[in-house]
Amino acid sequence: MLDIKFIADNTDWVKQSLARKGFPAEKVDELLKTYYEMNKLKTSSQALAEEKNKLSNSIKSASSEERTAIIAKSKAVGEEFKTQQENLAKLENEFNDMMLRMPNYPSEESPDGPDDSANVVRRKVGEIPHFDFQPKDHVELMEFNDWSEMERIAKVSGSRTYAIKNDLAQLELAIHMLVMDKLRFHGFTLITVPAISKEKPLYNQGYLPFAKDEIYYMPADDLYLSGTAELILNSLRADEMMTEADLPVLYAGFSPCFRREAGAAGKDTRGLVRVHQFFKTEQFVICKNDIAESEKWHQTLLQISEEVLQDLELPYQVLEVCTGDMGAPKYRQYDLEAWVPSQNCYRETHSCSNITDWQARRTNLRYRANDGKVKFCHTLNNTGIATPRALVPFIENHQQADGTVRIPVKLQPYLGGKKYIGKNAK
RNA sequence: GGAUAGAUGGCCGAGUGGUCGAAGGCGCACGAUUGGAAAUCGUGUGUACCUCCAAAGGGUACCGUGAGUUCGAAUCUCACUCUAUCCGCCA
């Protein structure tokens, strides 16, 4: 959510900025029209409330003759007040709905563009492997090494689910452990959180009202399944008043994640790339309301996830996401993509975003600054690692001619010192 | 699933129909005292919104949420949510 006063004071700038994200200028005008109407009605209804309060307060000291007249008048004022309140409530609902649909404005640094074709590659790191044998794709590798039950699990749990076993199951957990240790080293608080959420946190995060089709909903309990720990962590301290000394808050949240993938029909139907349920270790930061500070954290989060890919020895590229491909909440976004040999391209493993105070306004996430003023926090989030997707580039890039998969040095301690995994590993 | 208790400001906690935005305490800020500090004393200290904006002033709302009774509700009524404890069940 943006600050309505900021929109009112900087209308042209806001229109131009939001237009970069494809948000129409007329909607800004519409919002402001409703805002001014609403304030007018607020002023007049508050004047009625004042009159009513004065009448009520005068009753105690009034004589019994006066009393009847005052009560009658107070009732009449009360009726009018009630009518105005009802109209006001309607306007407020419209206004709030429009505010919830207003995206965050993008950074000046973010490239302009309509969709992902305009994303900019900032850098490429690591060597793309060249195999002197016929490499397998990740599904073939899993079958070869007896690492999965993809066909059987589809019968039990439906499409876009996975079951992995043996060394690959251990690898999945090992990678999470490596990432959690790294985050703990960087000062993050490890936290495991539920994947169940009430509705309000989805609005707080900025998922609703934008992407309803993506979310699993459980009507019997009026609860949703979380698509990411970000959802939970963002609302964990909702409505609290923190102090500047409490910040920054750094969370490394681990949770299962659920996505309906309703808009992805036909895409990535094979294997582990896009599944309905997966595990993610998420980086989440709550910091001061200071763009220099949150931009610094944005770089730090990016650097941490680059370190993760480097520890896993995966070639990757850093993508600066353009205005049209960014989600509504985002001010600035980087995606990390790891090389997937079988697809001959980079595929997203991490998404790193600075949300500035857009989410904190929805969540009512505030702190008292050292100068005594109450401010909205800035929030940021980034993937730590998400599995099983990350296993795809991992086993494909590190595969050997004999079908085994090499384990990078940094990961070996998490796998009992193994240098290779697979049925031919010694 | 059954039973009981509870939800008040940054925190603790009083308040059961009329200047209650709310006593008292803690915390915090400033000042006095001190060579400096602790202790002590004094003063101040909620949030959001409206009043075109800023300052000053004025006003409205907020005591878990939503309705209701009343001229008037933190206080009375109803519904709901959440929390704690006990019993049952359970990975």
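Letters A, B, ... are given to chains in the order of the sequence lines, protein chains preceding strands, and every chain is numbered from 1. None of the values given here were measured: they were computed from a predicted structure.
- Looking at A:Asn166, its side chain never comes within 3.5 Å of a backbone N or O of A:Leu168 through a donor-acceptor pair.
- On the P atoms, B:rC89 is 15 Å away from B:rG1, given to the nearest whole Å.
- Counting non-hydrogen atoms under 4.0 angstrom, A:Ile59 reaches a base of the nucleic acid.
- Using a 4.0 Å cut-off between charged side-chain N and carboxylate O, A:Lys280 and A:Glu282 make a salt bridge.
- For the C1' atom pair drawn from B:rA73 and B:rC26, the interatomic distance equals 29 Å after rounding to whole Å.
- Remark: C1' of B:rC49 and CE of A:Met99 are 13 Å apart, rounded to the nearest angstrom.
- Rounded to whole angstrom, the span from the CZ atom of A:Arg67 across to the C1' atom of B:rU70 amounts to 14 Å.
- When ring centroids are compared, A:Tyr216 and A:Tyr224 stay outside the 6.0 Å threshold.
- With B:rC71, B:rU47, B:rU60 as the choices, the nucleotide that has an atom nearest any side-chain atom of A:Lys75 turns out to be B:rC71.
- As rounded to the nearest Å, B:rU75 and B:rC63 have C1' atoms that lie 10 Å from one another.
- Here, B:rG72 and B:rG21 have their P atoms 16 Å apart, quoted to the whole Å.
- For the C1' atom pair drawn from B:rG36 and B:rU43, the interatomic distance equals 24 Å after rounding to whole Å.
- For B:rC50, one of the phosphate oxygens OP1 or OP2 lies less than 4.0 angstrom from a side-chain nitrogen or oxygen of A:Lys5.
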- Task: Verify side-chain contact (heavy atoms from CB on, under 4.5 Å) between A:Ser58 and A:Ile70, making sure each step is shown before the conclusion.
- Result: CA-CA 8 Å; A:Ser58 70; A:Ile70 296 173; 3.8 Å; yes
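- Taking atom P in both B:rG64 and B:rC12, one finds a spacing of 13 Å when rounded to whole Å.
- Picking from B:rC49, B:rU51, B:rC71 the nucleotide with the shortest atom distance to the side chain of A:Lys42 gives B:rC49.
- Of the P atoms belonging to B:rC11 and B:rU65, the separation is 14 Å, rounded to the nearest Å.
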- Message: Reading 5' to 3' and counting Watson-Crick or G-U wobble pairs with both distances under 3.5 Å, write the dot-bracket notation for RNA chain B, | for bases paired outside the strand.
- Response: ((((((((.[[[..)..(.....]]]((((((.......))))))((((((.....)))))).[[[[[..)....]]]]])))))))....
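- Look at CG on A:Asp239: it is 12 Å from P on B:rG9, rounded to the nearest Å.
- Contact between the side-chain N/O atoms of A:Tyr35 and the OP1/OP2 oxygens of B:rC50 is found at a separation under 4.0 Å.
- Distance, A:Leu365 CG to B:rU47 C1': 16 Å, rounded to whole Å.
- Taking the six-membered ring wherever Trp is involved, the centroid distance between the rings of A:Tyr331 and A:His298 does not fall below 6.0 Å.
- Here A:Thr404 contributes atom OG1 and A:Phe144 contributes atom CZ; the two are 8.5 Å apart, rounded to the nearest 0.5 Å.
- Computed from coordinates, the A:Met38 CE to B:rA61 C1' distance equals 14 Å when rounded to whole Å.
- Rounded to whole Å, atom C1' of B:rU60 lies 12 Å from atom NZ of A:Lys54.
- Between A:His176 and A:Phe254, the ring planes are perpendicular. Angles over 60° get that label, and only those under 30° would be called parallel.
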- Task: Go through the steps for A:Val374 and A:Met241 under the test side-chain contact (heavy atoms from CB on, under 4.5 Å), then give the verdict.
- Result: CA-CA 8 Å; A:Val374 174; A:Met241 183 79 77; 3.9 Å; yes
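- Distance A:Ile4 CD1 to B:rC53 P: 13 Å, rounded to the nearest Å.
- A ring-centre distance under 6.0 Å is not found for A:His276 and A:Phe258.
- Mapping A:Ala49 and A:Lys40 onto RNA chain B by nearest heavy atom places A:Lys40 at the nucleotide closer to the 5' end.
- Side-chain atoms of A:Glu50 stay outside donor-acceptor range of the base of B:rG59, with no qualifying N/O pair under 3.5 Å.
- At the phosphate of B:rU60, OP1 or OP2 sits under 4.0 Å from a side-chain N or O atom of A:Asn53.
- At the phosphate of B:rU19, neither OP1 nor OP2 sits under 4.0 Å from any side-chain N or O atom of A:Asn57.
- Taking only side-chain nitrogens and oxygens, A:Arg368 comes nearer than 4.0 Å to OP1 or OP2 of B:rU47.
- Side-chain proximity of A:Ser56 to B:rC50, B:rG18, B:rU47: nearest is B:rG18.
- Distance from the side chain of A:Lys198 is smallest to B:rU81 among B:rC71, B:rU81, B:rU47.
- Comparing B:rA48, B:rG18, B:rU60 against the side chain of A:Arg366 picks out B:rA48 as the nearest.
- Residue contacts shown for A:Val77 are absent, as no nucleic acid heavy atom lies under 4.0 Å away.
- RNA chain B is contacted by both A:Gln46 and A:Ile71; A:Gln46 maps to the nucleotide lying nearer its 5′ end (nearest heavy atom per residue).
- As rounded to whole Å, 16 Å separates atom C1' of B:rU47 from atom CD of A:Glu240.
- Looking at the side chain of A:Lys52, the nearest of the listed nucleotides B:rG72, B:rC49, B:rU47 is B:rG72.
- Outside the 6.0 Å centre-distance limit, the rings of A:Tyr105 and A:Trp358 are not counted as a close aromatic pair.
- Look at the C1' atom in both B:rG2 and B:rA23: the space between them is 40 Å, to the nearest Å.
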